[in-house]
Amino acid sequence: MYDGRNIFTKKMIDILKKDIISCIESYYKCDLSDIDLQFSYTKQEFEGDITLIIFPLLKISKKSLKETGEDLSHNIFSKIDTIKSCNLVHGFLNFVLDQKFWLQNLDKIICTYNYGFLKRKEPKLYLVEFSSPNTNKPLHLGHIRNNILGDSISRIIEANGHEVRKVQIINDRGIHICKSMVAWEKFGNKQIPSDKNMKGDHFVGHFYIMFEKQYQKEQEDLINSGCSEKEAKLEAPIMLEAKDMLLKWEQNDKHTVDLWNKMNKWVYEGFEETYKKLNICFDKNYYESETYKYGKKIVLDGLNSGVFQKEEDHSISVSLEDVGLDKKTLLRSDGTSLYITQDLGTAVLRNQDYNFFGMIYVVGNEQDYHFKVLFHILNKLNYKWSDQCHHLSYGMVDLPSGKMKSREGKVVDADDLLDDIVSRAKSTSLELGKLDDMSDDKKNDLYSLIGKGALRYHLLKIDPKKNIMFSPEDSIDFNGNTGPFIQYTFARIRSLVLKSGISNFKFKTDLNITEQEVRLIKIILKYPEVIQDSFKLLSPSLIANFIYDLVKEYNNYYQNNQILSLDDEHQVCFKVSLSDMVSRVIESGMNLLGIFVPQKM
RNA sequence: AGCCCAGUAGUUCAACUGGACAGAAUGCCGGAUUUCGGCUCCGGAGGUUGAGGGUUCGAAUCCUUCCUGGGCUACCA
């Protein structure tokens, strides 16, 4: 899969593994290619660097664990220079490598540009769809998780040597926006957002909530006058008005379409501001109001070619029983389109636009089934790219008080949250008072960088598929496994390197270095693998946890070792070079999460 | 009812996808600065990995039966 793998360090370790394997093969005179031999870094509590698990070899050796281990250690040890010694603990054969091995590896990567990133001869093009809001209300915390996941995974795909286009589908039509429109006509007094000094999306969202309140009230009145709950839901006058407006919209009624355009424009202006704050942008926006018609065409074509079928009531559906799923309706009996209809249209349209290799949909896990169905349908329609469509499914963000409910206005608003987190970064920084010589502009940039870094890191360090319990008051820490903790470590290293005056990071590879320095090098050497895994598993959290491991190890190192005051200039040079490399990996990894790191904080 | 996902220290999360004594953070308790940035570091207590059974050299991880929470099973999005 990683056709363009060209990482030297990875290769060096691979070569070592290969050497070990061929030693074993020649010793037992056998072929090991169908035995799954596992190598791993040796755990810290044991002596060694690389570990081979020898249980699987017992079949071949036909000897006891102990004898097998001893046979192998005598054999391999004597044949491979890099291996200084080895020891056997239980079924684990630990190899102790010459320190030079690690120093040489570090030396090879220390000045490489974009260390860890893959370059490919033939990059593939991926589309990443995320955000995809409705236009009847502002963005909330759930959208923030979605946006930073989408943004981060896009960066990760690029780091894997591919090309990415970021797209969204804007759900700009349907009953939800009609609700806001009706409420504005009824209660809005022709006001516009600036009259109330509000962002456009908040302004429109305000009317959506007004609609729901009024709707609720009318339902209660109807029930009190003897209606059933079901009737009340359907017959409430304001709901009838909304449905009527949807119908008018579909008939292209001028007044309705003008109103629709006006209100959507307000919303887009608001979204734009929020995306800017989040540092999110898109290469192309798709609008449901434009793609749903194309979806209908796809469905009708599918009907003609016999992939879909027409029901007695004239609706069109597809049978998915052959793949273990239910029948799915694709077009209503009155010919109007459904969610899946426009998603089909959007997907095919995108492939026409971009001729992409694969597409990643960043959408919440409540739509797992929907995407399973969508991909199967695309497959039935014979689109070859359908098996390169992936759903990056993520868990909900819940509040301590329960689920967020936008209808009731019970949400953590994206703008509020961003402002709040930045102002908290500000007050913490002021308390510490280390920025006195900085201009106000720079200070404000820094607060924003710290606050948003905290938020992004907090949401990205968690495995996407897990739900997040988010309490706005206390869940954004600046200590421990957090963004600011990492940013601080970075700034401190930059300060150290600056002070050292060293800019040519070369060192002797026959130095004596400590075990902890070897540990740091090993972590650094793992970075390319982490980048690849996070793409394979579509999980930025792997990168977040990796950076944290690196930072924790480094902070311990920094605390317990003098660097600049050492007499041996070779040691100083090595330690500064190592520190510099650590800071570069931190910066690179954080950037993959869409987080920036400050030179000072 | 069926299907999908999750369940790990008080809390929030890890665990290289089957590997060594399940690790961090936070909170609690106790320590460290004649020092390159203390938003730092070190130590302690804290676990029957929801429960039972199975598979094997080895299980938080795979299979199975339950329990709990969430989601989906729309001619909603």
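Since we're looking at a predicted model, the values are computed, not measured. Residue numbering restarts at 1 for every chain, and letters A, B, ... go by the order of the sequence lines.
- With pairs defined as Watson-Crick or G-U wobble and both atom distances under 3.5 Å, the stems of at least three pairs that touch RNA chain B come out as B:1-7 with B:67-73, B:10-13 with B:23-26, B:28-32 with B:40-44, B:50-54 with B:62-66.
- Between the P atom of C16(B) and the NZ atom of K536(A) lies a distance of 13 Å, rounded to the nearest Å.
- Within the nucleic acid shown, D326(A) comes within 4.0 Å of sugar-phosphate atoms alone, with no base atom in reach, counting heavy atoms only.
- Nucleotide U17(B) is shown with a syn base, its glycosidic torsion being within 90° of 0.
- Note on D334(A): nothing from the nucleic acid sits closer than 4.0 angstrom, heavy atoms only.
- For V89(A), the side-chain atoms get nearest to A20(B) when compared with the rest of A14(B), A20(B), U73(B).
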Sort me out a list of protein N/O and nucleotides 37-40 of chain B N/O pairs below 3.5 Å, or just none if empty.
residue, atom, partner, partner atom, Å
G37(B), OP1, S495(A), OG, 3.3
G37(B), OP2, K499(A), NZ, 3.3
G37(B), O2', Y488(A), OH, 2.6
G37(B), N7, S495(A), OG, 3.1
G37(B), N1, M601(A), O, 2.9
G37(B), N2, K434(A), NZ, 2.9
G37(B), N2, M601(A), O, 2.6
G38(B), OP2, R492(A), NH1, 3.3
C39(B), OP1, K434(A), NZ, 2.0
U40(B), O2', Q559(A), OE1, 3.0
U40(B), O2, Q559(A), OE1, 3.4
U40(B), O2, Q559(A), NE2, 3.2

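- Using a 4.0 Å cut-off on heavy atoms, the residues of residues 338-347 of chain A that approach RNA chain B are L338(A), Y339(A), listed by number.
- Atom CD of Q367(A) is separated from atom C1' of A77(B) by 7 Å (rounded to the nearest Å).
- Taking atom NZ of K461(A) as the reference point, atom C1' of C13(B) lies 7 Å away to the nearest angstrom.
- Donor-acceptor pairing under 3.5 Å, judged by distance alone, is present between the side chain of T51(A) and the base of A20(B).
- Stacking between F92(A) and A20(B) is present: the aromatic ring centre lies within less than 5.5 angstrom of the base six-membered ring centre, and the two planes differ by under 30 degrees.
- Distance, I169(A) CD1 to A77(B) C1': 12 Å, rounded to whole Å.
- Under the 3.5 Å distance criterion, with hydrogens and angles disregarded, no donor-acceptor pair is assigned to the side chains of K536(A) and Q532(A).
- Residue contacts shown for N467(A) are limited to sugar-phosphate atoms, with no base heavy atom under 4.0 Å away.
- G19(B) atom C1' lies 12 Å from atom CG of N94(A), rounded to whole Å.
- Judged by distance alone, the side chains of Q516(A) and N556(A) do bring a donor and an acceptor atom under 3.5 Å apart.
- In this structure, the nucleotide among C57(B), U26(B), A20(B) sitting nearest to the side chain of D477(A) is U26(B).
- The side-chain ring of F55(A) is stacked on the base of C57(B), judged by centre separation under 5.5 angstrom and plane angle under 30 degrees.
- Applying the 4.0 Å criterion to OP1 and OP2 of A14(B), one finds that K466(A) has a side-chain N or O inside that range.
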